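Report on one structure; see the data block that follows.
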Amino acid sequence: MNHTTKNIPTDPKNCLTDWVPVGLTNHIPRGAVVRAYIDQFDIAIWRGEDGFVRAWENRCPHRGMRLSYGFVQGNRLTCLYHGWTFGGDGICHLIPAHPDLTPPETIHTHIYPTCETGGLIWVALASMPAPAPVIKGAWTPCRSLHFVQQITLAALLADSGLSSTPLTEYAVCATRKNQTQAVLAIQPMGKHGMMVHCSIASCDHEAALHDTSRWLMTRRAKIEDTVPE
Amino acid sequence: MTRTTIDQPEMRIDPFTYAHWYALGRKEDFPEGCALNTRLLSHSIGIRRDTDIMSITGPQGRALPIQHRYGHVWTSLSDSPRPLFDIPEFAEPGRRLVTVGGVRVRCSGLRAVENFLDMAHFPFVHTDILGVTEHAEVKKYDVKMDVEKDEIWATQCQFFQPVAAAASVAGDMVHYQYRVPHPHSVILYKSCPVDPDAWDLIGLFIQPLEEEECLVHSFLLVFDDNNTDTALLHFQQNIFLQDRVILENQVPARLPLDPRQETPTRADASSIAYRRWLKRNGVTWSTTRGAEIA
């Protein structure tokens with residue numbers, strides 16, 4: 001590999017103040033829960049029927065079960081292990097083993113702020129994060145790709161001939177030679193490598209989605225020295 | 001998989017954990033002429049069987065004690081192990097013993113014991129077999145210490161089950177007792193579907209391989225003339241594989257002994273007693289206390 005490797009913050013304090021992209025908005029439909037990493041932090045991300053995305057520490061406060069194995073009903077998430085059910089605010093509303101008990105409000109999950117902009121879902125690990133990013137315009141989710149190693153945005157775009165402007169520490173707006181505009185965002189996942197999420201300026205052309213997706217795969221192949229799929 | 005051989009075991013393993021006997025498998029798992037290696041408490045040990053004579057060697061080629069009980073082969077790293085607990089029901093006539101064989105699980109063996117003690121997960125993990133979500137309540141039960149034998153008993157346990165055992169035909173309130181006579185072994189006494197006055201036994205003899213990996217040997221000792229061994233085996237395997245999904249996804253993988261780390265309720269009374277008992281006996285191995293000390 002000929003690119004300079006990464007300088008992504010792995011110190012949680014560094015990472016904590018920033019909003020990190022964790023997926024495309026259409027990656028998590030209503031009623032779905034998925035698991036995501038930000039650095040070494042294991043996170044359950046889910047979307048209620050109300051359309052809001054929530055991000056929680058991936059651990060039930062009761063017996064430590066990963067909440068990403070749970071299931072969404074309405075605007076609540078239920079843990080797979082004992083059915084403890086948490087509202088969107090993270091507070092436990094139901095302990096099925098004690099159906100007549102109103103659980104004390106002290107029983108809750110650890111919640112992280114979320115936002116959606118630029119066709120992406122973002123999570124901040126800090127309890128007092130910087131203001132949420134706002135990426136103006138209409139964006140269509142295009143593709144998420146896994147990279148085995150963490151690299152910087154600069155390394156991702158090096159020698160690609162694209163012009164780019166930074167949006168956040170983890171995202172740029174890039175303009176390709178064919179004038180397609182794309183948001184390229186990286187999600188550092190520690191030893192699990194990284195995800196690159198890409199959305200494009202909304203347009204009528206289905207072809208632009210396929211073309212941009214192929215471009216991103218070619219970039220990865222070049223960077224990882226492998227044959228494209 | 002990271003495997004570290006520790007040459008000074010006594011430095012890492014608390015005396016209570018170190019002093020016990022551990023099951024390594026069934027005699028038939030070690031056929032004549034075999035010479036194989038396994039792990040026990042992060043130590044490599046060798047098992048040989050020439051004709052009918054078995055021998056087990058531990059660190060530095062030291063010969064380890066061996067005994068055959070409860071359908072399994074047992075050993076200990078200790079030269080003077082605590083006596084293996086008694087299960088008098090093994091001597092009762094009319095019971096059938098079915099041994100399941102080892103299932104490897106990437107978690108603390110202590111987490112596996114605790115999961116076995118837990119009734120509240122039946123409706124969610126063993127849905128429509130050991131529980132249904134409409135009857136998820138765990139009624140109050142008793143937990144007591146048998147001080148003389150230094151073991152935990154949970155009694156007066158009852159739970160609604162649609163298919164409590166392979167021999168069940170309809171849902172019913174099932175009565176349970178749990179017994180923890182050993183940090184890595186647990187026995188369930190379950191009301192017998194074919195004889196209301198008898199208890200069926202189901203138990204786990206856990207072989208702790210590493211602090212976050214174990215081999216779970218289990219058995220059924222039941223009154224059941226209708227089901228084949230294979231049917232009983234499949235029932236037990238099905239249940240345990242459902243539990244494995246949970247066990248491999250609990251964070252942290254080691255059992256927390258600090259009561260502030262997790263949030264129990266009254267239904268967890270047996271789990272609370274188990275954690276306290278481990279703590280009182282100075283257990284650190286395979287717990288988060290061990291991780292802190294290391």
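Order of the sequence lines fixes the chain letters, A, B, ..., with proteins taken first and strands second; residue numbering starts at 1 for each chain. Predicted model only: the values in this text are computed from it and were never measured.
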- [ ] Could you check S271(B) against R63(A) for side chain to side chain donor-acceptor pair (under 3.5 Å), going step by step and ending with a plain yes or no?
- [x] CA-CA 10 Å; S271(B) 144; R63(A) 283 292 177 255; 2.8 Å; yes
Open item on the list: Y81(A) vs N115(B), test: side chain to side chain donor-acceptor pair (under 3.5 Å). Steps then yes/no.
Closed with: CA-CA 10 Å; Y81(A) 197 1; N115(B) 172 71; 2.7 Å; yes
TODO: Decide if atom CZ of R280(B) counts as having more than 12 heavy atoms of other residues, nucleotides or ligands within a radius under 6.0 Å.
DONE: yes
Task: Enclosure of E49(A) CD (heavy-atom neighbours >12, cutoff 6.0 Å) - done: yes
- [ ] Let me know if P61(A) has heavy atoms under 4.5 Å from chain B in its side chain, its backbone, both or neither.
- [x] both
TODO: Side-chain contact test, heavy atoms from C-beta onward, threshold under 4.5 Å: evaluate it for E262(B) versus H62(A) and give yes or no.
DONE: no
Task: Any donor-acceptor N/O pair, H82(A) side chain to F124(B) backbone, under 3.5 Å - done: no
TODO: Kindly say whether R66(A) contributes a backbone atom to a donor-acceptor pair with the side chain of Q250(B) at under 3.5 angstrom?
DONE: no
Open item on the list: Looking at every non-hydrogen atom in both residues, tell me the closest pair between N249(B) and R35(A) and how far apart they are.
Closed with: OD1-NH1, 4.4 Å
Task: Validation row: L80(A), I246(B) side chains within 4.5 angstrom (heavy atoms) - done: yes
- [ ] Select one option (side chain, backbone, both, neither) describing which atoms of E248(B) are under 4.5 Å from chain A's heavy atoms.
- [x] backbone
Open item on the list: Using a 4.5 angstrom heavy-atom cutoff, name the option from T133(B), V245(B), D118(B) with the most pairs to chain A.
Closed with: D118(B)
Open item on the list: Check this for me: K279(B), atom NZ, are more than 12 non-hydrogen atoms of other residues, nucleotides or ligands nearer than 6.0 Å?
Closed with: yes
Open item on the list: Heavy-atom count check: over 12 atoms from other residues, nucleotides or ligands less than 6.0 Å from H175(B) NE2?
Closed with: yes
Task: Interchain contact, R266(B) with chain A, by part (heavy-atom threshold 4.5 Å) - done: both
